Asks: 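Sending over a structure as structure tokens; questions will come in a sec.
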Amino acid sequence: MYLLALDEGTTSTRAVIFAEDGRTVASASTEFTQSFPQPGWVEHDAQEIWLTSSQVIGAALGRARLTKDDIRALGITNQRETTVVWDRQTGVPVGPAIVWQDGRGTDIAETLTEHTDEIRAITGLPVNTYFSAVKLMWMLREHDGLRGRAEAGELAFGTIDSWLIWNLTGGVHATDVTNASRTMLMDLRTGQWSDRMLELTGIPRAMLPEIKPSVGFFGEVSEGQLLRGTPITGVLGDQQAAAFGQCCYQPGDTKNTYGTGGFLLTNTGTDIPSSDSGLVSTVAYGREGSELTYALEGSIAVAGSLIQWLRDNLGLVRSSDEIEPLARSVSDNGDVYLVPAFSGLLAPHWRPDARGVLVGLTRFAGRGHIARAALESTAYQTAEVLDAMRADSGYDISEIRADGGMSLNNLLMQFQADLLGTPVIRSSTLESTALGAAFAAGLGCGLYSDLAELTQLWSADRTFEPERDRDWAQARMTRWSQAVERSLGWV
């Protein structure tokens, strides 16, 4: 039997079919439209996301020459925090999906800042436009008549997992505990919606989906679809799914995903962590009949999307795979630094007033230096987060497991290991996010017996050992900090 993972990311939708031993059998993906209607705003068409999901499921089945009868279970993983509101009767969204990267609603977030400590104690999150609650509050304020319809129970709110579950099942309104933990509406201790957060935000409970464990039964795919009758038995937000696919099941296990953004996550077991350094407390995963497993996470808004920006907005390269050879054409960054704060900085700074800067330019600087500065920016941001992670988690973190498309870049991975002074282990399965969703679905449907069985399926592709001393790393981190300072306070 096989498992199918639907991996709905920030820029593309992918379906991956895995064999029981974790091997990738077939996959299909397609990009969807990115909309930037105003500076700092990012939107998606939720209908297009659903359409691409249906398309890639069919394409993956076709490439594998399989039918629904060969698929034991379906797992879902998704971009988190992105906010969708739709009509319960028609299933049609009331407007564009507001993406996690979107920075609107700063004035709304400011109205909540007097409750910052209380909100962090309940949800584990800082008050920021990053999280779904602020985006939803903005929609309820700005769309005429929306609040009345929401209070009357006519509208459904969900993150992308809920939107996909609704469409796949023909009307099940549910989310999993990892996605719910990113809304700024869930009580981190109970794994249920917080009455106090609904009071503070004014969000009607009637809009909210049911919160379920990540590993367990969500519903069956409805009639008229390719996977009709297939159970959905695993749902995880993308970064928790990547950690699940990397088999980070023990306290202290740490992974970093180099995707559209960058996301460092450390398992803290059943202890709810706290941070004094700008990290967020979140749920790593939940299983039926078990205590929740928690994590500390540092989120970086712009990583791989910076390369897309260099390609699409500046024309610096024609395709993303040209960036590494261009960066290797120079011996170092030429003292050029690129801080990609396109809609503010996330962890550990949490500065929505920051904007992107390219500093250190001289007549000596060329395309190669800018390409190298772009790659290195991801490593610098990760290093900042890892410093915070070590300070707050209490774990030494002697290695990091890496996945995501950017982890294919050997120059970046080696620079990252040198900067951190820590081995960076690239997974043999770069699509750890999809693998995590498949693992969760397999566990949820009984294909796998326990986490130990899953751990046996993980393997490494390559380990990048540090080759530089700490003085070298510290000098570069100091310079990076100077560049970050110049990005602050622009808005």
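Hydrogens, waters and symmetry mates are skipped; everything else that's a heavy atom, side chains included, is used. From a predicted model like this one, the values you see are computed outputs, not experimental measurements.
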Asks: Any donor and acceptor pair, going by atom type alone, linking the side chain of T254 with main-chain N or O of G252 inside 3.5 Å?
Replies: yes

Asks: Tell me whether the NZ or CZ atom of R182 lies within the 45° cone about the ring axis of W100 and under 6.0 Å from its centre.
Replies: no

Asks: Supply the atom-to-atom distance M184 CE to E81 CD, rounded to the nearest 0.5 angstrom.
Replies: 11.5 Å

Asks: Under the side-chain contact (heavy atoms from CB on, under 4.5 Å) criterion, do C247 and R401 qualify, and how do the steps go?
Replies: CA-CA 10 Å; C247 298; R401 294 186 175 186; 4.1 Å; yes

Asks: Does a donor on one side chain sit under 3.5 Å from an acceptor on the other, for S277 and D392?
Replies: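 On atom types as modelled, these side chains qualify, holding a pair under 3.5 Å.
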
Asks: Give the minimum heavy-atom separation between A15 and V56, together with the two atoms involved.
Replies: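 Of all heavy-atom pairs spanning A15 and V56, the closest is CB-O, 3.5 Å.
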
Asks: When rounded to the nearest 0.5 angstrom, what distance separates CH2 in W138 from OG1 in T129?
Replies: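 Taking CH2 in W138 and OG1 in T129, the distance rounds to 12.5 Å.
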
Asks: Between S459 and S428, do the side chains contain a donor N or O and an acceptor N or O under 3.5 Å apart?
Replies: yes

Asks: Taking all non-hydrogen atoms of both residues, which atom of V385 and which atom of G298 are closest, and how far apart?
Replies: CG1-CA, 3.6 Å

Asks: Using a strict threshold of under 4.0 Å (side-chain N to carboxylate O), is an ion pair present between R80 and E297?
Replies: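 Salt bridge present between E297 and R80.
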
Asks: Once side-chain hydrogen bond (donor to acceptor under 3.5 Å, both in side chains) is applied, do any residues pair with D403, and if so which ones, sequence neighbours excluded?
Replies: Q246, T257

Asks: For the residue pair D396 and S398, confirm or rule out a side-chain donor-acceptor distance under 3.5 Å.
Replies: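 No, no side-chain donor-acceptor contact under 3.5 Å.
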
Asks: Verify side-chain contact (heavy atoms from CB on, under 4.5 Å) between F131 and T123, making sure each step is shown before the conclusion.
Replies: CA-CA 11 Å; F131 303 108; T123 68; over 6 Å; no

Asks: Can you tell me how far CE of M197 sits from CD1 of I119, rounded to the nearest 0.5 angstrom?
Replies: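 Rounded to the nearest 0.5 Å, the CD1-CE separation comes to 4.0 Å.
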
Asks: Might you point out which heavy atoms bring S27 and V16 nearest each other, and give the distance in Å?
Replies: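 In this case the closest contact between S27 and V16 is CB-CG2, 4.0 Å.
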
Asks: Could you tell me whether a side-chain N or O of T190 sits under 3.5 Å from a main-chain N or O of L188, the two making a donor and an acceptor?
Replies: no

Asks: So, H349 side chain and G278 main chain: donor-acceptor pair closer than 3.5 Å or not?
Replies: no

Asks: Please determine whether side-chain contact (heavy atoms from CB on, under 4.5 Å) holds for the pair V134 and N128, giving the CA-CA distance in whole Å, both sets of side-chain angles, and the decisive distance to 0.1 Å.
Replies: CA-CA 7 Å; V134 175; N128 194 271; over 6 Å; no

Asks: Show the numbers, then the answer: is there a ring-ring contact (aromatic ring centres under 6.0 Å, His included) between Y258 and F263?
Replies: CA-CA 7 Å; Y258 298 84; F263 301 89; over 10 Å; no

Asks: Judged by atom type as modelled, is there a donor-acceptor pair below 3.5 Å linking the side chain of D271 to the main-chain atoms of P273?
Replies: no

Asks: Is the side chain of K255 donor-acceptor paired with the backbone N or O of L265 at a distance under 3.5 Å, no angle test?
Replies: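 No, because the side chain of K255 does not come within donor-acceptor range (under 3.5 Å) of the backbone of L265.
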
Asks: For a salt bridge (charged side-chain N to carboxylate O under 4.0 Å, His left out) with R14, tell me which candidate from E31, E8, E431 qualifies.
Replies: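 Among E31, E8, E431, the one that satisfies the salt bridge (charged side-chain N to carboxylate O under 4.0 Å, His left out) with R14 is E431.
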
Asks: Taking all non-hydrogen atoms of both residues, which atom of Q101 and which atom of S305 are closest, and how far apart?
Replies: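 Of all heavy-atom pairs spanning Q101 and S305, the closest is NE2-OG, 4.1 Å.
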
Asks: Between T77 and L236, is there a donor-acceptor pair closer than 3.5 Å when you use the side chain of the first and the backbone of the second?
Replies: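 Confirmed, T77 side chain pairs with L236 backbone.
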
Asks: Check whether S281 reaches the backbone of I272 with its side chain - one donor and one acceptor, N or O, closer than 3.5 Å.
Replies: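 No, S281 side chain to I272 backbone: no donor-acceptor pair under 3.5 Å.
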
Asks: Hey, what do you get for CG (D187) to CH2 (W193), rounding to the nearest 0.5 Å?
Replies: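 Spacing of CG (D187) from CH2 (W193) equals 11.5 Å.
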
Asks: Return the minimal non-hydrogen interatomic distance between T82 and A97, and the atom names on each side.
Replies: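 Looking at all heavy atoms of both residues, the closest pair is CG2-CB, 4.0 Å.
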
Asks: Can a donor-acceptor pair be found, under 3.5 Å and without considering hydrogens, that links the side chain of R390 to the backbone of I397?
Replies: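 Here the side-chain-to-backbone pair exists.
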
Asks: For L451, does its backbone N or O pair with a side-chain atom of T455 as donor and acceptor, under 3.5 Å?
Replies: yes

Asks: If you round to the nearest 0.5 Å, how far is NE2 of H369 from CG of L358?
Replies: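 Answer for the CG-NE2 pair, L358 versus H369, is 12.0 Å.
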
Asks: Kindly indicate whether the side chain of I400, heavy atoms from C-beta on, has any atom under 4.5 Å from the side chain of Q416.
Replies: no

Asks: Has Y448 got more than 12 heavy atoms of other residues, nucleotides or ligands less than 6.0 Å from its OH?
Replies: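 More than 12 heavy atoms, drawn from other residues, nucleotides or ligands, come within 6.0 Å of this atom.
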
Asks: Just to verify, what does S194 make a side-chain hydrogen bond (donor to acceptor under 3.5 Å, both in side chains) with, not counting sequence neighbours?
Replies: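 Once residues adjacent in sequence are excluded, S194 has no partner under the side-chain hydrogen bond (donor to acceptor under 3.5 Å, both in side chains) criterion.
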
Asks: Does a donor on one side chain sit under 3.5 Å from an acceptor on the other, for S181 and T282?
Replies: yes

Asks: Backbone N or O of Q250 within a donor-acceptor pair of the D253 side chain at under 3.5 Å?
Replies: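 Checked: pair present.
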
Asks: Which class fits the ring pair Y380 and Y337: parallel under 30°, tilted 30 to 60°, perpendicular over 60°?
Replies: tilted

Asks: For M186 and V283: C-alpha separation, side-chain torsions, deciding distance, then whether side-chain contact (heavy atoms from CB on, under 4.5 Å) applies.
Replies: CA-CA 10 Å; M186 192 192 85; V283 176; 3.9 Å; yes

Asks: Closest heavy-atom contact between T175 and S162?
Replies: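 Closest pair (atom of T175, atom of S162, distance): CB-OG, 3.3 Å.
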
Asks: Just by distance, with hydrogens left out, do Y130 and S299 show a side-chain donor and acceptor under 3.5 Å apart?
Replies: yes

Asks: Tell me every residue that passes side-chain hydrogen bond (donor to acceptor under 3.5 Å, both in side chains) with E118, counting only those two or more places apart in sequence or in another chain.
Replies: R196

Asks: Output the distance between atom CG (L310) and atom CD1 (I370), rounded to the nearest 0.5 Å.
Replies: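 CD1 of I370 is found 8.0 Å from CG of L310.
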
